[in-house]
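So the structure is just underneath, and the comments pick up after that.
Values below: all heavy atoms of this structure, side chains included; hydrogens, waters and symmetry mates excluded. Counting convention: from 1, in listed order, for ligands and their atoms alike.
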Amino acid sequence: MPAPTVRDHVTALESGELPAYVYDLTALQAHASAVRAALSTRVELYYAAKANPEPRILTALADTVTGYEVASGGELAHVRTVVPDAPVAFGGPGKTPDELAAALALGVERFHVESEHELRLLAELAGRFTPERTANLLLRVNLPVGPGTLDGVPLAMGAGPSPFGLSPDRVDACLAFLDSPAAARLRLRGIHAHLASGLDADSQLDVAGRIVDWSARLARRHRVPLPEINIGGGMAVDYAAPGSRFDWPRFGAGLDRLLARHPELALRIEPGRALTAYCGWYATEVLDVKRSHGTDFAVLRGGTHHLRTPVTKGHDQPFSLLPADAWPHPWQRPTVRDAPVTLVGQLCTPKDVFARQVPVTELRAGDRVVFAMAGAYAWNISHHEFLMHPRPNFHFLPQPAPVR
Ligand SMILES: *Cc1c(COP(=O)(O)O)cnc(C)c1O
């Protein structure tokens, strides 16, 4: 259920102001503070901007997070503009020379280097454009975390063939290069490994332990200090259980045990979804209700061109109903009662489905629907231009004080 502030806000909107994204910044800050409080000071918390780069979201997090992880030149420029003083880590495969040069010029705090070629490119560009500075980097490694560890994980990015990070058998070559004069402007700080999205606290801790052990062995073998390890993001968000959360206290306690075994180590995490998914709501209204070959459909204003998440993840987007009693027409109101209903949008494609066969006690044309968990990988991953419907409105609660 949305907080009363969100519910009241949605109820007060005119039909023509829907659909609307409503972001509960108070809830976001409370959640982020709870996450931060569950982690020791030896764990740095970065926010992965690609989950939701809305300026108001980035600034709402600014007091809580250590910095931001960006994965493109666009995100880098955006984050530097919105939160100019915040540390930035620049990751992602396929960084262009222009993006790397811009990142060097902006002095990003950490590069997450994804390949040997990228390492050489960075060294060359650093020598050419910013010879007065040192570029700090982590090597992103696609670690074999052990058979079965990532089985059943929604979005595995490593531990098998993947375009992300270095194959572990190429790391020695990178360390040799980093030791050469060609890499004079580069400084290796540690290891990065973002291996999957959707891990619960115990699986995350298991993976973290393996990353730290592997890195410690590497450091010993090569006699290089690796004081930092970034274990990535991917903390699970369960769309089937909007009330449950990743167990941050359990995770934080587990990281403490890991840190106790490695007194020199600084750990970093970079969650996206688990920080912002819960603060966003996509509110709209039922335009039509109809029965087709035995199945009840509710057609909503808007669609998955605004909220693509249920299509990409293959889930039912959780929602609440806000009944609206006004019915301005003389004919009977299209209604479904005590039956499962499929919620679709206005797009002319059978893929435009928010949720399938969800039981409702009553759903009528004109009622409002508020989709939960629309704060991450929602608007910004959606194909807005398809069918040329109007864009949603965006609201950030609390509303800013009126400027006088
Ligand atoms: C996407 C991504 C993240 C954030 O993942 P979430 O599942 O949103 O927590 C963190 N690090 C890297 C390298 C990523 O690509």
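- When ring centroids are compared, Phe246 and Phe251 come within the 6.0 Å threshold.
- For ligand 1, the atoms sitting less than 4.0 Å from at least one non-hydrogen atom of Glu69 are 12 (C), 13 (C), numbered in the order shown with element in parentheses.
- His31 and Tyr278 share no donor-acceptor pair across their side chains, judged by distance under 3.5 Å alone.
- Residue-to-ligand polar distances place Gly234 within reach of ligand 1: an N/O pair is separated by less than 3.5 Å.
- Listed by number with element, the atoms of ligand 1 under 4.0 angstrom from any heavy atom of Gly233 are 9 (O), 10 (C).
- Close N/O approach between Lys50 and ligand 1 is found [any backbone or side-chain N/O within under 3.5 Å].
- Atoms of ligand 1 found under 4.0 Å from any heavy atom of Gly272, numbered from 1 in the order shown, are 4 (C), 6 (P), 8 (O), 9 (O).
- Glu69 and His194 form no side-chain donor-acceptor contact under 3.5 Å, judged by distance and modelled atom types alone.
- Shown in contact with Ser197 at under 4.0 Å from a heavy atom are these atoms of ligand 1, numbered in order with element: 5 (O), 6 (P), 7 (O).
- Judged by the shortest distance from any of its heavy atoms, Gly232 lies outside the 4.0 Å radius around the atoms of ligand 1.
- At a threshold of 4.0 Å, the pair Glu109-Arg80 counts as salt-bridged, since one of the basic side-chain nitrogens sits closer than that to a carboxylate oxygen.
- Using 4.0 Å as the threshold, Phe164 has no heavy atom nearer than that to any atom of ligand 1.
- Within the structure, the closest approach of Pro271 to ligand 1 falls below 4.0 Å when heavy atoms are considered.
- The pair Arg391-Glu385 meets the salt-bridge criterion, with a side-chain N (NZ, NE, NH1 or NH2) lying under 4.0 Å from an Asp/Glu carboxylate O.
- Under 4.0 Å is where a charged nitrogen must lie from a carboxylate oxygen, and between Asp213 and Arg217 no such pair does.
- A salt bridge between Asp367 and Arg333 is present, with a side-chain N of the basic residue lying under 4.0 Å from a carboxylate O of the acidic one.
- Close approach of ligand 1 to Tyr377 is summarised as follows: ligand atoms under 4.0 Å from at least one heavy atom of the residue are 1 (C), 4 (C), 5 (O), 6 (P), 8 (O).
- In summary, the atoms of ligand 1 found under 4.0 Å from a heavy atom of Arg140, numbered by their order in the structure, are 13 (C).
- For the pair Glu75 and Lys50, the salt-bridge criterion is not met [side-chain N within less than 4.0 Å of a carboxylate O].
- For ligand 1, the polar-atom distance check finds an N/O of Arg273 within less than 3.5 Å of one of the ligand's N/O atoms.
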